[in-house]
Amino acid sequence: MAELYPPIEPYAHGMLDVGDGNRVYWESCGNPEGKPALVLHGGPGSGAGPFWRRLFDPAAYRIVLFDQRGCGRSTPDAADPRTSLDANTTPHLIADIELLRRHLGIGEWLVIGGSWGVTLALAYAEQHPGRVSELVLFSVTNTTRREVEWVTRDMGRIFPEEWARFRDAVPEGERDGSLVDAYARMLAVRDPAVRERAAREWCRWEDVHVSTHPGHKPDPRYEDSDFRLRFARLVTHYWRHAGFLEDGALLRDAGELAGIPGVMIHGRMDISGPPDVAWRLAQVWPDAELVLIGEEGHGLSGDATTEAVLAATDRFRPVRSA
């Protein structure tokens with residue numbers, strides 16, 4: 001088993017008013033005088049769980065976590081169908097990160113992200129390169145239209161039975177079009193039974209397409225009806241808009257990352273986010289190291305991936321004086 005750092009609790013936390021009726025939860029852990037590090041969770045909509053704190057040496061880092069708009073402990077909750085997502089976009093999240101940085105009095109920070117958090121980390125770093133000291137990225141995504149189509153349709157060739165169920169949960173007349181759009185529409189209807197079925201089937205498919213690593217177990221978070229609806233609403237909202245980014249812009253603008261050291265960690269068996277996304281980025285970001293992990297899949301799915309992330313945060317921690 002990969003040995004994470006011991007569990008720790010925040011030494012400070014709060015709710016930051018970011019405008020548009022939104023307040024985001026944030027917390028700081030570890031050493032208040034340590035090197036600042038920002039956590040960008042996945043999903044969108046997963047929330048920043050406490051395991052993220054354990055990816056850093058708490059004596060060396062000032063670890064900042066926050067729940068992105070609409071999820072976790074932030075308000076309003078996207079699980080409530082009355083919560084508008086109009087002011088929940090990537091530009092809004094980037095502005096929230098900068099507001100939080102200024103609120104905490106931080107000049108620059110290491111940024112770590114996984115899955116969707118990689119897309120957000122890259123978008124933030126390309127827009128604010130002077131605020132990012134290093135990047136640690138695992139399960140690399142760019143949330144392009146091609147990637148969304150891959151997850152929602154092309155992977156039916158790998159999991160045909162499961163994908164047929166995913167497809168057949170939408171109205172028959174919408175099955176040949178954009179499935180992410182169809183699910184987003186279902187999640188927005190007034191009938192709670194329709195919303196619940198859409199959320200359940202979306203999360204069931206999410207659990208399938210990340211299941212390629214040995215010993216995969218269903219994600220227990222999907223047993224919670226509020227989490228299912230929150231997660232499905234936010235993922236479909238961002239995916240149907242290709243992450244609210246110009247398609248291909250993250251790769252095109254990777255030159256903005258010049259001078260920022262980075263480590264990208266990706267499982268070779270990650271068919272949810274194929275390794276070519278990370279490989280293409282590595283070709284145009286010379287300051288990054290790409291680490292491909294044998295038979296592991298998406299997320300921190302195995303010991304080797306987790307160990308590689310720990311090695312990266314250890315590599316970038318400040319040198320302690322004798």
Side-chain angles (χ1 to χ4, degrees), residues 15-16 18 20-27 38-52 65-97 100 112-121 123-124 138-139 141-143 147-148 151-152 166 179-181 183-188 195-210 218-245 272-273 298-300:
M15 299 290 289
L16 181 64
V18 294
D20 310 302
N22 284 273
R23 301 175 76 230
V24 300
Y25 171 85
W26 64 270
E27 64 183 38
L38 173 69
V39 166
L40 298 179
H41 65 71
S46 292
F51 83 92
W52 287 96
L65 290 73
F66 81 104
D67 293 327
Q68 295 159 28
R69 292 190 183 202
C71 72
R73 293 146 290 188
S74 295
T75 60
D77 188 353
D80 185 340
R82 296 169 296 181
T83 296
S84 172
L85 301 182
D86 289 346
N88 199 325
T89 70
T90 301
H92 286 102
L93 299 185
I94 291 173
D96 294 350
I97 293 169
L100 178 59
I112 185 171
S115 193
W116 154 255
V118 174
T119 295
L120 181 56
Y124 172 71
F138 63 90
S139 300
T141 67
N142 284 183
T143 316
E147 288 170 71
V148 171
V151 173
T152 57
F166 172 68
L179 292 176
V180 69
D181 282 346
Y183 269 92
R185 285 191 287 269
M186 292 167 64
L187 289 161
R195 295 197 305 269
E196 168 58 23
R197 180 172 183 237
R200 185 179 295 277
E201 293 302 328
W202 181 272
C203 292
R204 188 192 302 270
W205 176 243
E206 289 270 2
D207 225 8
V208 167
H209 65 72
V210 299
D219 191 329
R221 298 177 303 172
Y222 297 145
E223 297 173 7
D224 183 298
S225 60
D226 284 342
F227 181 85
R228 288 196 301 267
L229 185 56
R230 177 184 309 119
F231 183 82
R233 282 196 76 202
L234 286 168
V235 174
T236 55
H237 173 64
Y238 274 82
W239 283 15
R240 72 186 304 201
H241 294 101
F244 295 93
L245 297 163
S272 177
H298 196 74
L300 298 182

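Predicted model only: the values in this text are computed from it and were never measured. Note that these values count all heavy atoms, side chains included, but never hydrogens, waters or copies made by symmetry. Count residues from 1 along the sequence.
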Margin query: Tell me if the aromatic rings of Phe244 and His237 count as close, with their centers under 6.0 Å from one another.
Written below: yes
Margin query: Please confirm whether the ring centroid of Phe138 lies under 6.0 Å from the ring centroid of Trp52.
Written below: yes
Checklist line | Nearest-0.5 Å distance, OG1 of residue Thr75 to CG of residue Asn22 | finding: 7.0 Å
Next item on the list: Can you sort out the partners of Arg228 under salt bridge (Lys or Arg N to Asp or Glu O under 4.0 Å), two or more places apart, ordered by chain and number?
Entry: Glu196
Checklist line | Nearest non-hydrogen partners of Arg240 and Ala184, listed with the distance | finding: NH1-CB, 3.7 Å
Note to self: My understanding is that only residues two or more places apart in sequence, or in another chain, count here; which of them pass side chain to side chain donor-acceptor pair (under 3.5 Å) with Arg69?
What the structure shows: Asp20, Asp96
Margin query: Check Glu27 with Arg73, please: is the shortest side-chain N to carboxylate O separation under 4.0 Å?
Written below: yes
Notebook entry, point to check: When rounded to the nearest 0.5 angstrom, what distance separates CG in Asn142 from CG in Leu245?
Noted result: 8.5 Å
Check: Can you check side-chain contact (heavy atoms from CB on, under 4.5 Å) on Val24 and Asp67, steps first, answer last?
Finding: CA-CA 6 Å; Val24 300; Asp67 293 327; over 6 Å; no
Notebook entry, point to check: For the atom pair CZ (Arg230) and SG (Cys203), what is the distance rounded to the nearest 0.5 Å?
Noted result: 11.0 Å
Next item on the list: Evaluate the side-chain proximity of Trp116 to Gln68: yes if any heavy-atom separation is below 4.5 Å, no if none is.
Entry: yes
Notebook entry, point to check: Can you tell me if Arg233 uses its side chain to pair, donor with acceptor, with the backbone of Thr83 under 3.5 Å?
Noted result: yes
Margin query: Tell me the closest heavy-atom pair linking Thr152 and Phe166, and the distance in Å.
Written below: O-CE2, 3.5 Å
Margin query: So Phe51 and Leu300, do their side chains get closer than 4.5 Å, heavy atoms only?
Written below: yes
Note to self: Using the rule given for side-chain contact (heavy atoms from CB on, under 4.5 Å), can you reason through Leu229 versus Asp80, listing the C-alpha separation, both sets of side-chain angles and the distance that settles it, and then say yes or no?
What the structure shows: CA-CA 8 Å; Leu229 185 56; Asp80 185 340; over 6 Å; no
Notebook entry, point to check: Are any of the side-chain heavy atoms of Asp219 and Glu206 separated by less than 4.5 Å?
Noted result: no
Check: For Ser115 and Thr141, does a side-chain donor sit closer than 3.5 Å to a side-chain acceptor?
Finding: no
Note to self: Within the 4.5 Å heavy-atom criterion, are Thr143 and Tyr238 side-chain neighbours or not?
What the structure shows: no
Check: So do Ser46 and Arg221 actually touch side chain to side chain, heavy atoms under 4.5 Å?
Finding: yes
Next item on the list: Identify the two heavy atoms, one from Met15 and one from Arg23, that lie closest to each other, and give their separation to 0.1 Å.
Entry: CB-NH2, 3.4 Å
Notebook entry, point to check: Once the angle between the rings of Tyr222 and Phe227 is folded into 0 to 90°, is it parallel (under 30°), tilted (30 to 60°) or perpendicular (over 60°)?
Noted result: tilted
Check: If every non-hydrogen atom of Ser272 is compared with every non-hydrogen atom of Val151, which pair is closest and at what distance?
Finding: O-CG2, 3.3 Å
Check: How long is the span from the OH atom in Tyr124 to the CD1 atom in Ile97, to the nearest 0.5 Å?
Finding: 6.5 Å
Notebook entry, point to check: Would you find a donor on one side and an acceptor on the other, under 3.5 Å apart, between the side chain of Ser74 and the backbone of Tyr25?
Noted result: yes
Check: If you take all heavy atoms of Glu201 and Tyr183, which pair is closest and at what distance?
Finding: CB-OH, 3.6 Å
Margin query: Pair Leu40, Leu93 - check side-chain contact (heavy atoms from CB on, under 4.5 Å), show working.
Written below: CA-CA 10 Å; Leu40 298 179; Leu93 299 185; over 6 Å; no
Item checked: Derivation of the side-chain contact (heavy atoms from CB on, under 4.5 Å) call for Leu100 and Phe66 -> CA-CA 9 Å; Leu100 178 59; Phe66 81 104; 4.0 Å; yes
Checklist line | Contact summary for Gly70 and Asp77, nearest pair of heavy atoms | finding: O-OD1, 3.6 Å
